[in-house]
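One structure is given below, encoded as structure tokens.
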Amino acid sequence: MASDSWFVIILMLVVSSVWAILALPRLRQRLPKIYLIARSWWLMLAALCACYVIAKITDNNQPMQPPTYPYRWLLIAFFVLIGLRGGYEIKRLWCLRNKAVLIEKLQARGLQPKILPFSQTSSHSTQAYTRLNLLDLVFSFAFITLIVSLIVLQQLIWQREQYGVLFFVLFASQFNDIAQYLCGRLLGHKLFKRGLAPIISPNKSIEGALFGSMLAAILATLLGIWLTPFNWWICLLAAYGLAVSGIAGDLLESAFKRQHGVKDTGTMLAGHGGVLDRVDSLLIGVPLFTLFYWLLG
């Protein structure tokens, strides 16, 4: 069995086990947010892995067919759905009425502060939509580029039969989110008094970004050596690049949300927020990796 297939099996077993443990009544009552995060993780990974496995099984069973048979398009459809949902979340923040509904929904779930600049001005505004500025356009362009890059990357991976590269790219960024959080909790503001970006994202510390990106790069390198045909130093450079660009993407989305006065871009993924909240670390790294992967192929 190929390494990427083993990875899918181990991944789903681990996530399923964590969700099952957190679903125990006592733990669910004590850690309700962690339970919701685990449940959302399971749903997202189940959808991704199901599309991947179906596409790969049909790919391997039809080696003589031209590379356009329908099941391969399941992954593309999955990325397109992410793009449509993310586009809806962006458009909802541009529309004042829809933004007000979102804020009320976030406040009802305890996810949004009661007093925000937007809440003080929206009721006096007669415009149906906000005026787009440079940050809106940059963030929208970055998100569209991400979706296109995911589709292009998936096609390149299938053509080169380097299936594990997809998981390496996605999880290098996700490792970075987790590592930054852990390092930030343990070391935050112990070496540097100011935060990484106190105005845009007050909770981010320089220690979390610095040591978290290093830890994420090491973990992702080990994963890359197992899943990809790359040398260890290529895996390390790619992993560290994805980690650093993940920080930049996260800050870009934080600035976009702060501009619109919202804590999360949606409530679709319990414990995570909206789709944009989940893919922010991919915004810059995936397009850059796709470009280099295409050029070096």
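Just so you know, residue 1 is the first one in the sequence shown, and it goes up from there.
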**Request:** Decide if the gap between the ring center of Y52 and the ring center of F78 is smaller than 6.0 angstrom.
**Result:** no
**Message:** Looking only at the aromatic ring of each residue, does the gap between the centers of F168 and W226 stay below 6.0 angstrom?
**Reply:** no
**Message:** Let's go through Q180 and D250 carefully: what are the C-alpha distance in whole Å and the side-chain angles of both, what is the deciding distance for side chain to side chain donor-acceptor pair (under 3.5 Å) to 0.1 Å, and is it a yes or a no?
**Reply:** CA-CA 11 Å; Q180 275 193 75; D250 190 9; 5.4 Å; no
**Message:** L75 vs L48, test: side-chain contact (heavy atoms from CB on, under 4.5 Å). Steps then yes/no.
**Reply:** CA-CA 8 Å; L75 273 174; L48 172 64; 4.0 Å; yes
Within-4.5 Å side-chain heavy-atom neighbours: [X] and [Y]:
X    : Y    : result
R92  : V101 : no
L282 : V169 : no
L187 : F211 : yes
S213 : N176 : yes
W19  : S40  : no
W41  : L269 : no
R85  : L276 : no
W42  : R39  : no

**Message:** Name the residue from L13, V15, V14 that meets the side chain to side chain contact (heavy atoms under 4.5 Å, CB included) definition with L11.
**Reply:** V15
Looking only at atom types and distance, does a side-chain atom of [X] sit under 3.5 Å from a main-chain N or O of [Y], one as donor and one as acceptor?
X    : Y    : result
E89  : V275 : yes
D264 : G266 : no
R258 : I200 : yes

**D280 bridged to K257 by N-O distance under 4.0 Å** = no
**Prompt:** Taking it one step at a time, do R185 and Y181 satisfy side chain to side chain donor-acceptor pair (under 3.5 Å)?
**Reply:** CA-CA 6 Å; R185 290 294 298 270; Y181 173 78; 2.7 Å; yes
**Asked** Nearest heavy-atom pair of I225 and W232: which atoms, and what distance?
**Response** CD1-CB, 3.7 Å
Hydrophobic cluster membership, [X] vs [Y], 4.5 Å side-chain cutoff:
X    : Y    : answer
L84  : L146 : yes
F167 : I178 : no
L237 : I218 : no
L222 : F230 : no
F141 : L283 : no

**Message:** Does L227 form a side-chain contact (heavy atoms from CB on, under 4.5 Å) with V165? I'd like the steps, not just the answer.
**Reply:** CA-CA 7 Å; L227 290 179; V165 172; over 6 Å; no
**Item:** Derivation and outcome, salt bridge (charged side-chain N to carboxylate O under 4.0 Å, His left out), residues K263 and D277
**Value:** CA-CA 10 Å; K263 182 68 173 176; D277 296 306; over 6 Å; no
**Message:** Would R160 pass as a cation-pi partner of Y293, given that its NZ or CZ must be under 6.0 Å from the six-membered ring centre and within 45 degrees of the axis?
**Reply:** yes
**Message:** Checking L150 against T290 for the side-chain contact (heavy atoms from CB on, under 4.5 Å) test, could you report, in this order, the C-alpha distance in whole Å, the side-chain angles of both residues, the deciding distance, and whether it holds?
**Reply:** CA-CA 8 Å; L150 284 171; T290 302; over 6 Å; no
**Prompt:** In terms of ring plane angle, is the pair F139 and F143 parallel, tilted or perpendicular, where the classes change at 30° and 60°?
**Reply:** parallel
**Request:** Answer yes or no: does atom CD1 of I199 have more than 12 heavy-atom neighbours from other residues, nucleotides or ligands under 6.0 Å?
**Result:** no
**Item:** Test log, rule side chain to side chain donor-acceptor pair (under 3.5 Å), inputs D136 and H260
**Value:** CA-CA 10 Å; D136 288 313; H260 288 280; 2.8 Å; yes
